[in-house]
Every structure is written in structure tokens, then in C-alpha cells.
Number of protein chains: 12
Amino acid sequence: MNRRVRKFLVMNGPNLNMLGVREPGIYGVQTLDDINRDIERLATELGVAVDFYQSNSEGQLIDRLQAAIKDCDGVILNAGAYTHYSIALRDAIASVPLPVIEVHLSNIHARESFRSTSVIAPVVAGQIAGLGAIGYELALRALCVR
Amino acid sequence: MNRRVRKFLVMNGPNLNMLGVREPGIYGVQTLDDINRDIERLATELGVAVDFYQSNSEGQLIDRLQAAIKDCDGVILNAGAYTHYSIALRDAIASVPLPVIEVHLSNIHARESFRSTSVIAPVVAGQIAGLGAIGYELALRALCVR
Amino acid sequence: MNRRVRKFLVMNGPNLNMLGVREPGIYGVQTLDDINRDIERLATELGVAVDFYQSNSEGQLIDRLQAAIKDCDGVILNAGAYTHYSIALRDAIASVPLPVIEVHLSNIHARESFRSTSVIAPVVAGQIAGLGAIGYELALRALCVR
Amino acid sequence: MNRRVRKFLVMNGPNLNMLGVREPGIYGVQTLDDINRDIERLATELGVAVDFYQSNSEGQLIDRLQAAIKDCDGVILNAGAYTHYSIALRDAIASVPLPVIEVHLSNIHARESFRSTSVIAPVVAGQIAGLGAIGYELALRALCVR
Amino acid sequence: MNRRVRKFLVMNGPNLNMLGVREPGIYGVQTLDDINRDIERLATELGVAVDFYQSNSEGQLIDRLQAAIKDCDGVILNAGAYTHYSIALRDAIASVPLPVIEVHLSNIHARESFRSTSVIAPVVAGQIAGLGAIGYELALRALCVR
Amino acid sequence: MNRRVRKFLVMNGPNLNMLGVREPGIYGVQTLDDINRDIERLATELGVAVDFYQSNSEGQLIDRLQAAIKDCDGVILNAGAYTHYSIALRDAIASVPLPVIEVHLSNIHARESFRSTSVIAPVVAGQIAGLGAIGYELALRALCVR
Amino acid sequence: MNRRVRKFLVMNGPNLNMLGVREPGIYGVQTLDDINRDIERLATELGVAVDFYQSNSEGQLIDRLQAAIKDCDGVILNAGAYTHYSIALRDAIASVPLPVIEVHLSNIHARESFRSTSVIAPVVAGQIAGLGAIGYELALRALCVR
Amino acid sequence: MNRRVRKFLVMNGPNLNMLGVREPGIYGVQTLDDINRDIERLATELGVAVDFYQSNSEGQLIDRLQAAIKDCDGVILNAGAYTHYSIALRDAIASVPLPVIEVHLSNIHARESFRSTSVIAPVVAGQIAGLGAIGYELALRALCVR
Amino acid sequence: MNRRVRKFLVMNGPNLNMLGVREPGIYGVQTLDDINRDIERLATELGVAVDFYQSNSEGQLIDRLQAAIKDCDGVILNAGAYTHYSIALRDAIASVPLPVIEVHLSNIHARESFRSTSVIAPVVAGQIAGLGAIGYELALRALCVR
Amino acid sequence: MNRRVRKFLVMNGPNLNMLGVREPGIYGVQTLDDINRDIERLATELGVAVDFYQSNSEGQLIDRLQAAIKDCDGVILNAGAYTHYSIALRDAIASVPLPVIEVHLSNIHARESFRSTSVIAPVVAGQIAGLGAIGYELALRALCVR
Amino acid sequence: MNRRVRKFLVMNGPNLNMLGVREPGIYGVQTLDDINRDIERLATELGVAVDFYQSNSEGQLIDRLQAAIKDCDGVILNAGAYTHYSIALRDAIASVPLPVIEVHLSNIHARESFRSTSVIAPVVAGQIAGLGAIGYELALRALCVR
Amino acid sequence: MNRRVRKFLVMNGPNLNMLGVREPGIYGVQTLDDINRDIERLATELGVAVDFYQSNSEGQLIDRLQAAIKDCDGVILNAGAYTHYSIALRDAIASVPLPVIEVHLSNIHARESFRSTSVIAPVVAGQIAGLGAIGYELALRALCVR
């Protein structure tokens, strides 16, 4: 009997669809599609599948995360600004029996003080921040070795 | 002339669709459908109608609450995590001329400290917390005697 | 062998003996005796006994609560102002192996900000607030179904 | 070559669709349609176009704001309750290369203390508050002279 | 028909029975009896009656204050340490339809910082502090001219 | 040898010249001249002299207070809004070797929370608040018995 | 009978006499005289009179504001740094029965955090901030339509 | 001439009469009587007398402490929950010219954060916490060597 | 061509005219004139001119500081109590293109906690505190070597 | 087989080598050597061994504490100022499987407010404070009876 | 000419030498040597060199970090408890022109609240937390791709 | 008998050995050796001796400060980052009977907010900040005139 290939959800929150457009001094010139292509390439190399999702809506992110129970083995989540106040997203993470790794492109601790608070941090498996787009790839590696 | 049967909206917020799945140690093993069935049974007993709505989206919860002006006589609301920060939901409650009773399954004061703050509490008619699913039924009784 | 009828203690704290006198705009015109009569009526209907106690003294409330271990199956407690600072009462609640339900007549969250803090909330079984005298009756129902 | 007429987006957030209904003591008796008609009249006078959008959903407001990059020259935004906590909306404002003017009908500093905090204020071009529906018109004038 | 002589209650809280003994550097060498004698003398001069009460117990102070409704026209209250945290006493003051003047012997603002907070201050008619035993007499004069 | 008659300075700060005009619901209908006339009458009765000064300027109030060293035996000070933040005035009070009694017409503890803080309170001889214009007279009596 | 032309006071606080000199990166190169000339031009257009006043002194600003009761129909006030702590100015605004509109040239919310607090905001009719010198003109328009 | 044997008061506050019953995981299985017997045994060994008192009432604890002036040479005080807020008890301790040693059975710093604050700590001679019932004995030894 | 001698303004704020009179335990017995004479002597030695100014008025201090642009090369400022809250003075310092050195006679960090905050500190060139009158002389030396 | 004599480490942190020199008003005139001699004497009496260590270096204190695993049965620790902020020392205490008793010579709650916080308190077995050098001896007794 | 192999410093702070010993429930059973061996293996695979350093001393960690300027191309730093308060270490990181990646074995946001604050976070290149020993390896990969 | 030449210790804390290397935009291009040479030159001019010490270790700085009792007459201390949290260093300063002057090269109040707090400030003789390396020389002059 062959077990299916493991699949990981790469989920991006509000305004990350603007990457490459928005404040390139902070976020770099890569678009989200560029980043996802790199992640896909690494996934292939590691022999796992990846699924991508982006939404500006808190409710839709929760919906997708709940659905991941059925089709995913772990989640890489850049919750964008929702990181700082969405207790609803936090509860959703706590309610799904999947490892979730929190990723931030920029060093959230070197910006406005409110960005230092992550309400989801206490319920994720780990965080990777400040390392740019490579952070998603490290998160994927971390999920693969679990 | 016969007056129509009074109807109450039972509205549940984010992640409450995961009841019976999510952290049963805190929320019990009943699903939201189980709970709603019990509420429906009591409604019949009390001679009133009930309508059910659940959404993970803050905007949709507000939309439904605004619509309740036209077809409901009161609202039982478990706003889930939005309880703690959705001032938009609070404003919606304040804007509808209906009694709204806030319900929480668990004792929100015995958990993380941020769960002790309810931004909607100052504008609801009353709160019932910590009594499990029976809380919805007590809320229904309270609405019926108003 | 016949088990004795279950008995619940209805305990009211400081200034609740002034109900019907004090600030009727907030607390209504019913006296505490009026309220207790209604609770007694419901108790009879539910086949349980109730015992009433009121004191303005923190120490006496603790004494009575400790004594309830011997003769009661649960407590309905409106601790009045002690709600907001009596850690001694909180410890007493935690030390008695009985379910205690916290009741407030008014919506404590819609008044002065210090009334939003309940130091006893983390150790009670549940809270009912803002629903007026009916809150005691809902608490009694909740204790009966436990 | 003729340059196209400048267009401005007038965007209203949660519960502003209830204007004229909700708490008229605070917000007045004009409906949102009444206000928009007045804005349209002034726009015609000033030789510019205006587009209107209202939503109760944080995500949809962000979606619309991002889309404004393509078809608008500036934004007049009454974010309602999201003013006070939507960092996601704040990031969206920061990510669009358009002037955004924050408008509030009531004097947000003369109400509940949490309404004094605007998380979007640091990234908008300016604020106009407390002047009622005329505030939108002043904002339109301000955008026209930029 | 002759109206009865007006009577005022002079009520002292915890540890004020130790006056003249306790920390004379702060409170002076007069005993509480000495002070009361002076107050009585002034009352006679002003043609009013005074009644004295001291207790270390929060509950007893509340009991006495509630009873004052029946036999007094106003209250002079030095609540001692209860000034700083007894919300129960505050509620009692708010519930009696009598003017209550708060008196402190020492300047509570020139001592430990927690003594600057008076939880009863918002519900009393006025405060007199830092003027020593003369403060009681000034309070009596103030009650007489109301 | 005959000692000169004792003289006390009655000093009023910003906006107290508007008494009788400004917010009569809070401050009453008496003008500052009315009040001063009453104080003068009592001074005559007590055999002391009084001098009156009002200014909206922090610097002028300090100048006058410093000058009082030469011609006064004590000061009755209603510092108005400067009460809450003028550390300069506080330092001036501390630097003059005269008893200063702080007076407030209204109960500053029953209004906006920032009015509960008096930066001058720790350096005055005593405070009288909430008793209306009679407060000045009580302060005068207190100065006379020192 | 002909009614006199309406007159509005344009009042600027500390350091605004340095406009065009001080930190032009924040405040622009226009001097206060330049700005006042523009306001005067608009006043003429709108058929109203304007009076100008600038002072670095808190007391003088209060004096002028109190005097405005006699000769003005409204006030446009840029209180400069006094915005952030002058409760005396706040009380003066509350005491005059005239609409006062608070104007700030820069976006006070995008600068040092202490500039986000306006102690006068709760008592003014409205605020306009961040729109540069045009803010004064918008304020004038707002006063004219009241 | 023989000097009387020194006597020390061992005073326990609210809920300590429940020792051995209440939360044995935190407080152990010994009852208060067991503990007192051990203290008595040590007292005999050290040649001093001990007196025991327990009350749930703040006022009664203060009454007993004041009375100790006449018949005791020092006090061992476990004030239970009053430790955290009874400023009245603190004042009583400060007013008696006796050394008072504060004892806690459990490590109050390893429990809920509010238990870390002792309002009586600044006025006692010393504290012993976290060492169980042996703490009372160490306190007795400390009093004996003073 | 001969350049004019450099001139520095020595500016003292509220209550510093009371030096030698006020609280000598903190500020020493030298009067302000004594100190200024010593500064003048050092200025002569260093070949520079000094100008002296003292005022109790915040507005006058700002006026003088603004005027210094025309006739001074630097400022030595002991702002007294205005140090702790005068944002207006801070803005004035920021608006003048001159080095300003903040001086305090006493160690402001060893006194009341509110004296530890200097709102002008972020915009001055440097601070010298706690060294007594010699601090002014060190500041003069520092300005000379710039 | 004979079990080795139990040994306890008495560890003193920064500046405790200055005892008898530094602020004798607070810490007494005994030197650390005097104190250690007394502890040694008691150890002999109790039939246990003691080892002494003092260092001003946080790292060396941690090194010594870790080494104690191999040769000690418990630790008496006066961490001096590190008590208030050395989380590293706290982690070291938590990482060694030995009972550690925290000792302070003076009553840390009666001094500067920052001395009331002990970051090591939550992980030690117990605390003894304010009893002077006798505190070490009581700690030794407590370790011996464990 | 051949460039030397890149070398990275792996630096561990206080108590990390206790790994495998200390609280394995939180930190796992691997010793620091085990972890370092795994890092070395990966370094070899990636063609880079690694150097290891551990100290319990804040000063020695700073010394080593400063020395790294001469012989390293980047630093992987698990500062242990110093993460939360060592501003000295933070300054050292800011002073060396090398990328430093902050690593934590456990999820510091899911433990005591003080562990959520990292004073070094604002000056490091990035953070990796909660992923166990694999975090060091991910950090090494991140440094290699820079 | 000839008295020995007075000697002062110039002590620099963590990272100050990196001066001239680290963030020259903030600290200038002079190395610590350059600065010390200038101080030495001034010392010679003033006829006093100076001794220099720098360490990154908190413990070593305390050791050296304690040793200064024997061979120095005063201390010039730039404690670097330890300024902000080393209570151990503060206690060491308090324990040595020598005047200590705190020096900072940069204006610590114009940088990150945590740099505004100096825990050593309350116990030093004075502070000099923001004046660059000249600050050390001013401190030396101040010590010489004491």
C-alpha cells in the first residue's frame, strides 16, 4: 500500500498579494508568485506537495485553515497584519490538529512596536522572521523533518 | 388578528463550527448541530421560533445581525474570538433595536487573560458564561420573559 | 433508601439588602424579599430547596460559604461590590467543593470600568449578568441540570 | 491629448449603511445615500468623478482599496470601527500609492476612550472628524487641491 | 409644629481608635475621644446633634451607614484605609440619600502613592484633607449650611 | 507693640473669572466677585484681611505667589486646570514658607479621570473640594486657627 | 434691520509664528502671514470677517479666547504644543459658547507618540489635521455652513 | 523580681481554618490545629508562650492585633488573602509597637500574579514564604532571638 | 575683518529666581545672581559674552528663545519645572538653529519620579545634571569648544 | 554503609562582600565573614556541612550553582541585586534539581519599589527576608528538615 | 587566488550547557554536544566551517562576539535568558558588521510572558524559534544563502 | 607631610572598547584610546592622576569599582548598556564612599526609549550626556572642584 505524498498549505494573509508593489524597501521586489514558484521548486526537491492560498479576509483564512484538516499535513502561515490582533485566527490554529509555522518576511521586531506582538505565536509550532522569502523555504524544511 | 410567533436568532462566530472537534477538554464533545437541536427543542416547548447562523467572517456576522431587524425579536450571540476585539460587531449590536444576549460556553475568565475582555459586553442586554451549552437555553428563556 | 432533596444557597453581598431602595434606575424596584420569593417559587417547581443569606460583611459571607459544605449542593452568589476585590471570598469559593454561580443584576460591563473586573470569576462555575432578577432563576436552573 | 477626469473613491466601513437608522443622536438623520448624493453634487461642481463603496467586511474594504490603484486618484475613507484596530486596513492604505483622507462624522475624541485611537491615522494624508457629513465634502475639496 | 434638631453621624473607620497612639508624627497626639469632644462642642454651638461611631469592620461601617437613613441628616466619614479600596462602602454611600463628607486628618497625597486614590471620593458630597482634627469641624459647618 | 492684622491671599487660576458664566451645571451661578464678597465678609468677622488675585497665566500666578512671602500669612488657592499639570506652580508653593490650602468648587473626583490628579496636592497644607463656594470660607477658617 | 457680518477668530499657539522658518520638512515653507492672507482671501469670498491672533503664552491664548465671546461667531484654533497638555485651554474652550475647530498642519499621528494625544479634542466641534495650510480654509468653510 | 514569660500571637486570616481540607495540592494535608500543636511544642522548647487566633473577618483580625499591644511581645501573621489588599490590616500592623513576621505556607510568587503583591510587606519585620508549616516555627525562632 | 565675540544666552525658568531662598537643602545657598556672576567671570576668561534671562512664564521663555536666533550662538537652559511637561518649550528649542544645553542643579533622578522625565531632553544638544552651579560653567565650556 | 554528611551551599551575590562597610543603616555592621562563621557554627550543631561562595559576577554565580549538582544537597542564596533582573540565574535555579532558599537581609519590600520584584522567587523553594543575618540560619534549618 | 572557506560562529548563552539535563519536557533530551555535532555535519555538507562557543557570562559572550569580527562571516546566537534583558549584548550585536540570527529551541511565546520580549530581536538579521535543534540548522542554511 | 596627588578612575563599560568602530554616526570616529589620551592631557593640566579601566563584564566593573575605594578619589563612569538595567552596578556605586559622575557620549534621550532610563542615575553625583568625548573632560573638571 502506498501512502500519499505529504502536502503542505502555504497561506498568506492581507496585503501579501501586493508584494513586489508595496513598500519594496521593507518587503523586497519579489512578487508573491515569484516566491511561491521558489517554494514549489523546493517542495519538488523534497518530494512533497504544496498548496497556495492568499486572502485579505480574516474569515476566509479561517475557513481555508479549517479545511486543511482534510487535505494537508502542515501549514506555513504568513498572517500579515492579522498576526497582531486576530484571536479568531489564533483559535482556528489551535483547533486544527496540524503543525503551523508562522513566517514573516521582515524583522517584525525592528519596525513599529505593535508589530512585535503576535497573538498567534503562542499556538504555532514555531516562528521564522526577518529572513525574507527564504523563510518560507526554511519553514517547509522544518515541516518535512517533523 | 393574530400576532406572529416570536423568532430569535442564534448566532455563532468564528470556530464554533468546530465544536466537538476543537479542544474538547475546554468545549465538550457536543457539535454545534447537537446544541442547536437542543435549543430548537426548548424553543418548541416555549412556543417560539429560532433561526441559526454561523460564520467565521466578521463582516458576514454584522450583515446577518443588521438583517435581523426585519425578521427577529432578539439575538443569542456567541461571538467567539470576535468578542475580544470586534468593535465593528459591537457597533452593529448597538445599532440594532433588539435585545442581544452574549453567551460563552467556557468560563472566559478562567482562561488566557485576553479572554476576560469583551468589547461587546457594554452594549448587550446580558451575559451568560461558563455554563456550557445550557447557556444558550438560559439565554432563550431570558429573551422569552422580557 | 431515599436521597434527601437537593438544597442550594442563595447568597447576597453588601448593599443588596437595599434593593428596591437604592438607585432603582440601575437595580429595579423589587426588594430582595420579592426576588427571593420568586426564587423560592421556582425551587418548589423544580423540586429543590433553597436557603437565603445576606450580609454586608466579607468575613460573614466567607463563614456562611464554608458552612455550606455541610448542608448545600451548590451556591448562587451575588457578591455585590466584593466581586471586584475580595480575594478572600475568591479563596473561599475555591476551597469549597461546590459549584458556585456568580449572578449580577445589572450589566456590570456597562457601568464604571472597575465593575468589569470580577476577582471571583476565575473560580466560579459560571456567570450570569445584566438580566435582572431573572438571573437568579436561570442560575438555579443551571445548578439543577448539573 | 485630453487627460481623463480625476476620480475619487468614497469608501465607508462597517455599520455606516445604517446611518439615519443607528443612534441618530450621535450620527444624525441623514442616510448614507443622502450623504453620497451631496458629495456627488459637489464633485460635479468641482469637475471630478466620485465612486462609492460600502462594506461591513474588512477583507472586502482592503480588496476595494487595492483595486483603487487602477481607477482612482485618491480615497475618502470612513473606516468606522475598523479605524480602531484594523492594522490590515492600515497596511493596505500604506501599500497603495494614493492619498487617503480619514473622515469621521462624530467627534471620536468625545466618546468612549477606545475611539480616540486610530490605527490608520499614521498612514493617511490627513483626518477630518466631528464635522458631520460636511467632513466628506471638505475631504473632497482637500483632494482636489493637492 | 416643631421640627426635630438636625443630627449628623461622625463615622470613623479602621485604626482611628488608635489615634494619639499610632504614628503621632503623622496623626498628632489627640485621641479620637478628644476630637469627638471638640466636634460635640461645635455642634452645640451650631445647634445640631452629633452621633459618633467607630469600627474596624467594613461590614459594620456599611450597616451603620445604612441605618443612618432613619436617624441622620448627613454623615462625616473618615473611612481610614477603606477609603482606598472599599467599593462596598462606596456603594453604601451611593445608596443612602444623605450628604456624606469625606475627611482625612493627614494630607493623603503627601504619603504613599496608594493613599492618593479614594474609591469613595466620586460619590461623596465633598472632601476635606490634611487639616488635622479641624477638618471634622469644617465638615460639620459645611453640612449645616447645606 | 501691636502686631499687624493677618492677611491671606485668595488666588484663583485659569477660567475661574468665567464663574457664573461657564457650565453653571457644574460650577453654580455665583460669579467670582460674588464669592469674593462672601469671603471678605467672613474675613471681617474673623478679624483678618484678604487679598484677591485671578489670572489665566501660569507664570503670573507663580509671580504673585512668590510675592506673597512679603505681604501674606497664608494662601487659599484654586488653581483651576493648572492643578492637574503645573509642576511649576507646585514648585512655587513648595518654595514659599506659607501654608497654602487647595480649594476646588466641584468634586474633582466625580468628573473626567484626569481631574482626579492634583500635582500640587503633595505640597499644600490641605485640600477642600466639592463643597462649592463655601470651600473658600472653610479654608479661611482653617488658616485662621493655625 | 441688517445683521452684522459674521466674524471668526483664527488663533495660533506657540511656535506657529516660526512657520516657514522651523523644520520646513514638517511644516512647509509658508509663513503664518502667507497662510493668514490665504484665509483672508477665502473669508472675503465667503462673505465673512476673520480676526487673527498668535501667542506663545497659554494665558494670553485663554484671555483672547474668552474675549471672543463678545466679538466672534466661531474659532479656528491651532493650539500647537498646548494641544497636548493644556487642560486650562481645554476648559477655556468648554467655557465659551462658540464652535471651535481644531486644526493641525501636519499629521500629528505620524510623529512622536505624545503628539497623538489632544486634550482639547473632546471639547472642540471638530478636528482637521495633516492637510497643511488648506486645513484652516476647510475649517472656515465648516464654520460658515453651521 | 521575675519578668513574665514572653508571649507571641500566632494569627491566621481567611480560609486558613480550611487547611487540610482546601486544595491540599497547594497547602498540604495538615490542619491548622496540627500546625498549631507543632508551634506550641516548639514554644515550650524555647521557653515562650503562644496564643492562637483565626478569623475570616478583616475587622476582627485588626481588633485582635490592636489588643495584642497589651498582652503580646510579637506576632506571627499569615493574613491569607488579606495579604494582597487589606491596607486596613497594614495600618493596624504599623500602629502596633510590636514586631510582626509575615508567613505564607506556599510560595506566593509561584502562583497567580496577584499573589505576588503583599500590601503588608513594607510594614512587617520580615517575611517567610513557601516553606510550609515549618515557616511558622522559623518565625517563632526569629522572634525569640530579637 | 573681525568676527564679533560669540554670545551665549543663560536662561533660567520658573522658581529659579528663588535660589538661595527655596529649599536650600536641595538647591544650595547661592542666589541666582551669585551663580550668574560666576558664569560671567568664566565667560570673560574664555573670551565670550553671556546674556542672562529668567522668567516664571512659559510663553516668555519661548519668546526669548526665539529671539536668541538673532543675537546668540548657543543657549544654556535650566527650564526648571517646565523641563517635565512643556512641549511648547521643546518645540521652541527644536525650531531654533542653535545648540541648547540643558542644565539642572540637583540630581533630578534622585528626587520625585516625575522629575526623571525631561520632555526637552530629546531635542537638546546635551544635559548636565546634579553638579550644582558648576553645571552652568561646564555647559559654557562645552558650548565654547563646539 | 555510611551515607555522607549532607552539604549545603551558601551563595552570596554582588556587593554582599561589602557587608559591614556598605550602608550599615540598612545592612548592619556584621561582615560577610562574621555571618558565615555563625552559619558554620549552626551547621556543626545540626550535623551538616556548609560551603561558602561569593561573587559579583552573574556568570560565575551560575557556574557555581550548576556545579552544586555534584556536591551539594541544597542552596541558600542571597542573590543581591541579581534577584531583581537575572533571568539567567532564575533559569539556572530551575535547571538544578536542588532546593534553593532565597534569603534577603533587609526587608526588600520596604525599600525602592524595584526591590519588591524577585525574578527568582517563582522557582525557589521559599523566601526569607527582612530578618537580618538570622535569615541564613533559618534557611539552613529549613533545608535540614526537608 | 582562493578565497577561504566561510566560517560561522554558533554561540550559546547561559544554561544551554545544561541541555539534555534541564527541564527535558521543554528542551528535549539532546545535549548541546549532540546538537553541535548535527550542525557540524550540515556545515560539512554545505561546505562551510563552524565554530562553537558557550558561556554563562554576559561579558564573555560579548567578548567572543566582538572577536568574531576577525574570524567569522556570521553568527547563530541562542542567547538564552540574556535574550530578555541584555542590552549590552544587543549593543554588541549592533556593533559587529556581521549577520546574526537569533535561535530559540522552544516557542518563547508559549511560556512565561517575560520570555516573549527579546531585546536583541530589533538588531538581528532574523529569528527562528520553537523548532527545536533543527532551528540552528535552518539558521545555518539562511546564513549560507545570504 | 605632603598629601598624595588626587587620582580619579575613568571606567568604561560594555562595547565602549568598540568606539571608533561601532556606529560612528552615533558615537563619532575617536577610539577609546584617543579619548583617554585627551583626558590624560587634561588631568596633567589640572594636576591630578587618572586611571583607566574598560570591561564588557558587569562583575568585573563592580570588582574594579569596589577596589577604587583604596586608590581613588572619584570615578567617571560610562556604564554603556549596563546603565539601563544593572542594579548590581547601582548598588556598587551606592556602597563606595566616592563621588561617581555618569557620562554618556550620545544624547541617550534622543534614541530608543529604553535608553532614557538610567538605573544608576539616582545614586551618582551627577550626569553629563550628549556632549561627546568632551563629557569625560567636563566630568573630570567637576570632580576636581568638589
Side-chain angles (χ1 to χ4, degrees), chain F residues 9 11-17 53-75 77 79-100 102 112-125 127, chain I residues 11-33 53-65 77-90 92 102 104-109 111-121 129:
Chain F
L9 173 63
M11 194 156 85
N12 282 282
N15 299 300
L16 287 156
N17 58 329
Y53 185 75
Q54 191 276 334
S55 173
N56 290 328
S57 158
E58 189 178 11
Q60 288 174 358
L61 291 166
I62 295 168
D63 290 346
R64 182 67 189 89
L65 191 59
Q66 292 180 345
I69 300 178
K70 304 210 190 70
D71 65 354
C72 292
D73 299 276
V75 181
L77 171 63
Y82 290 139
T83 301
H84 311 307
Y85 61 104
S86 177
I87 302 173
L89 192 55
R90 171 195 171 119
D91 283 356
I93 294 169
S95 75
V96 299
L98 296 173
V100 176
E102 178 185 355
E112 303 96 331
S113 67
F114 63 78
R115 293 202 202 270
S116 285
T117 300
S118 166
V119 301
I120 64 172
V123 295
V124 299
Q127 304 94 27
Chain I
M11 195 155 85
N12 282 283
N15 298 301
L16 287 156
N17 57 328
M18 301 295 276
L19 276 180
V21 175
R22 171 194 176 203
E23 301 169 82
I26 299 176
Y27 299 102
V29 296
Q30 276 187 301
T31 64
L32 189 54
D33 280 351
Y53 186 76
Q54 191 276 335
S55 174
N56 290 329
S57 157
E58 187 178 12
Q60 288 174 358
L61 290 166
I62 295 169
D63 290 345
R64 181 66 190 91
L65 191 60
L77 172 62
N78 182 341
Y82 290 140
T83 301
H84 311 307
Y85 60 104
S86 178
I87 304 175
L89 192 55
R90 173 196 170 118
E102 179 185 354
H104 299 284
L105 293 166
S106 65
N107 182 347
I108 54 176
H109 304 289
R111 301 174 60 195
E112 302 96 330
S113 66
F114 64 76
R115 294 203 203 270
S116 285
T117 300
S118 166
V119 301
I120 64 172

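Computed from heavy atoms alone, side chains included, the values below leave out hydrogens, waters and symmetry copies.
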Problem set entry | Steps toward side chain to side chain contact (heavy atoms under 4.5 Å, CB included) verdict (F:Ile120, F:Leu77) | CA-CA 10 Å; F:Ile120 64 172; F:Leu77 171 63; 4.1 Å; yes

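In this structure, chain I has a heavy atom under 4.5 Å from the side chain of F:Ile69, while its backbone stays farther away.
Taking the six-membered ring where the residue is Trp, I:His104 and I:His84 present parallel rings, their angle staying beneath 30° rather than reaching 60°.
Using a 4.5 Å cut-off on side-chain heavy atoms (C-beta onward), I:Met18 and F:Asp91 make no contact.
Of the possible polar contacts, none joining the F:Ser86 side chain to the F:Thr83 backbone as a donor-acceptor pair under 3.5 Å is found.
Using modelled atom types, one finds a donor on one side chain and an acceptor on the other under 3.5 Å when comparing F:Ser118 with F:Glu102.
How far CD1 of F:Ile62 is from CG of I:Asn17: 9.0 Å, rounded to the nearest 0.5 Å.
Near-neighbour residues of residues 53-61 of chain F relative to chain I, defined by a heavy atom under 4.5 Å from a heavy atom of that chain, comprise F:Glu58, F:Gly59.
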